[in-house]
Student: 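Structure provided below as structure tokens; questions to follow.
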Protein chains: 2
Amino acid sequence: MTRLRRLSAKRSQRDRDRVFVAEGAKVVEAALDGDVAIEAIYCDTGSSGLSALEPLLERARARGVRIHGLESGVIERVSDTVTPQPILAVVPFIDRPMASITAGVVLVLVDVRDPGNIGAVLRSADAAGIDAVILSDGCADLYNPKTVRASAGSLFHLPTVRGGAPEEVLSHLEASGFVTCATLARGAQDYADAELSAPLALFFGNEAKGLEAEFANRCSTSISVPIAGGAESLNVAMAATVIAFELARRRRRGGREALSMNV
Amino acid sequence: MTRLRRLSAKRSQRDRDRVFVAEGAKVVEAALDGDVAIEAIYCDTGSSGLSALEPLLERARARGVRIHGLESGVIERVSDTVTPQPILAVVPFIDRPMASITAGVVLVLVDVRDPGNIGAVLRSADAAGIDAVILSDGCADLYNPKTVRASAGSLFHLPTVRGGAPEEVLSHLEASGFVTCATLARGAQDYADAELSAPLALFFGNEAKGLEAEFANRCSTSISVPIAGGAESLNVAMAATVIAFELARRRRRGGREALSMNV
């Protein structure tokens, strides 16, 4: 197995080398925009889409990034998708230490196991102007290729923190003066009625089980997204999207720090 | 290829037989709750999870549904997932004629190609209390197994309409007195500021290209979800979720027909 394939397939390899694989032109472009020290770019020399990538490759060359051509079929073996894009980059880890998170509105994912959901949360959080996303231990890997792909480049746009037991994350945020808010599938206050103020940390739980009751009780408050119709629940990424955009709506009405429902 | 495999894999087979495959206990349960005349249920007799399905199978038997055991390995060949669930049902089409859509708030998908996105829209629409979802010609199939799975049962909870050219859908809804509202990636009025009233039809376009400008111009109004941060855009399912839940929020404040931003 090549190193590229191992980086794509194995968290242990990524953790050892502290780099990950970013697939696709948009994601590679976001990495370039994000001023990350890209280790190398690989592109499929047999791809009919190669000429469209030339401006991107030119930018990368100007930044001194090494570019390697791969023969047709190699990217297919590296990528975990059936129809991979003709370009990928090997990029150093970009997560930050927990101690760097001291203000704003942050989302904390607890035991979210599906990398696609984590990528979708990153994309929505970025689009809603959330300040950081924290993945506690037990979540799927921030650098899983499915996470990176689903984030559509947003992984490079907002600060992320990787790891820490959920209780440690909670303790750090409490100690830093954050309002800690558990999001529950049902039974808590309507998110749209909740008076919330920054610094604010919103906790989201596992896809099947949500947050454990004991953990939720340690948070200073809790909210739910009311569910109409026959739907059992919202997917965690959808719930995070709804809440993040409600906060964005309030900010547009009331200015950066205004998260009151009345603005 | 067995008929089950063909139903799972081929739209043409589904359209000929006017039935589709609903996989997984939750989806089969939603079909039973939805009072659909299930053609048959198939379950994996070798599955360790079979005993947990017994209450569901008992309900189905009481309704006179035929239940067939499949030997281990058969469901894997029928399903398009790597780790299929041990139960599936063959269910008659449940979409409604366009003429049945005469009131309320409906979402119209135009050229949405990813079945997972369509399923996610169904799930969010259901959870937000949307009255119907219309898939115009050019969308992925409502009955694609990926759509059905991603809808998490919501396909059985809210009325759906399948087909009709986008222009025909628009004409029908206009003639029925709907406010027609195009959702655009950027440049239109902030959805949170938009005064909207039912009957209301919200149009969402293709994942890559959005709605065509000419089509959007035929709508009576248009809205955008403002994007913060470096994110390029919201995924169509996320945009539909944000807007549908904003309407749900207004309704909770102002009663069923109140979609004004000021309630």
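Below, chain A is the first sequence line, B the second, and so on; all start at residue 1.
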Student: Can you say whether A:A237 sits under 4.5 Å from chain B via the side chain, the backbone, both, or neither, judging by heavy atoms?
Tutor: both
Student: Side chain, backbone, both or neither: which part of A:Y191 has an atom under 4.5 Å from a heavy atom of chain B?
Tutor: side chain
Student: Once rounded to the nearest 0.5 Å, what's the spacing between atom CE of B:M238 and atom CZ of A:F245?
Tutor: 9.0 Å
Student: Does atom CZ (A:R59) have a neighbourhood of more than 12 heavy atoms from anything else shown, all under 6.0 Å?
Tutor: yes
Student: Please flag which part of A:D190 lies under 4.5 Å from any non-hydrogen atom of chain B: side chain, backbone, both or neither.
Tutor: side chain
Student: Looking at chain B, which one of A:G153, A:S233, A:A244 has the largest number of heavy-atom pairs inside 4.5 Å, strictly under?
Tutor: A:S233
Student: For B:R11, does the CZ atom have more than 12 heavy-atom neighbours from other residues, nucleotides or ligands under 6.0 Å away?
Tutor: yes
Student: Considering only heavy atoms and a distance below 4.5 Å, find which of B:G34, B:P226, B:S151 pairs most often with chain A.
Tutor: B:P226
Student: Using a heavy-atom distance cut-off of less than 4.5 Å, which residues of residues 120-128 of chain A contact chain B?
Tutor: A:A120, A:R123, A:S124, A:D126, A:A127, A:A128
Student: Just distance, no hydrogens or angles: give the donor-acceptor pairs under 3.5 Å from side chains in residues 198-209 of chain A, sequence neighbours left out.
Tutor:
unit_1 : atom_1 : unit_2 : atom_2 : d
A:N206 : OD1    : A:A208 : N      : 2.8
A:N206 : OD1    : A:K209 : N      : 3.0
A:N206 : ND2    : A:D111 : O      : 2.8
A:E207 : OE1    : A:R113 : N      : 2.9
A:E207 : OE2    : A:R113 : N      : 3.2
A:E207 : OE2    : A:D114 : N      : 2.9
A:E207 : OE2    : A:N117 : ND2    : 3.1

Student: Quick one: what part of A:L234 sits under 4.5 Å from any heavy atom of chain B, side chain, backbone, both or neither?
Tutor: both
Student: Check A:R253, A:R249, A:R252 against B:D193 for a side-chain contact (heavy atoms from CB on, under 4.5 Å) and give me the one that passes.
Tutor: A:R253
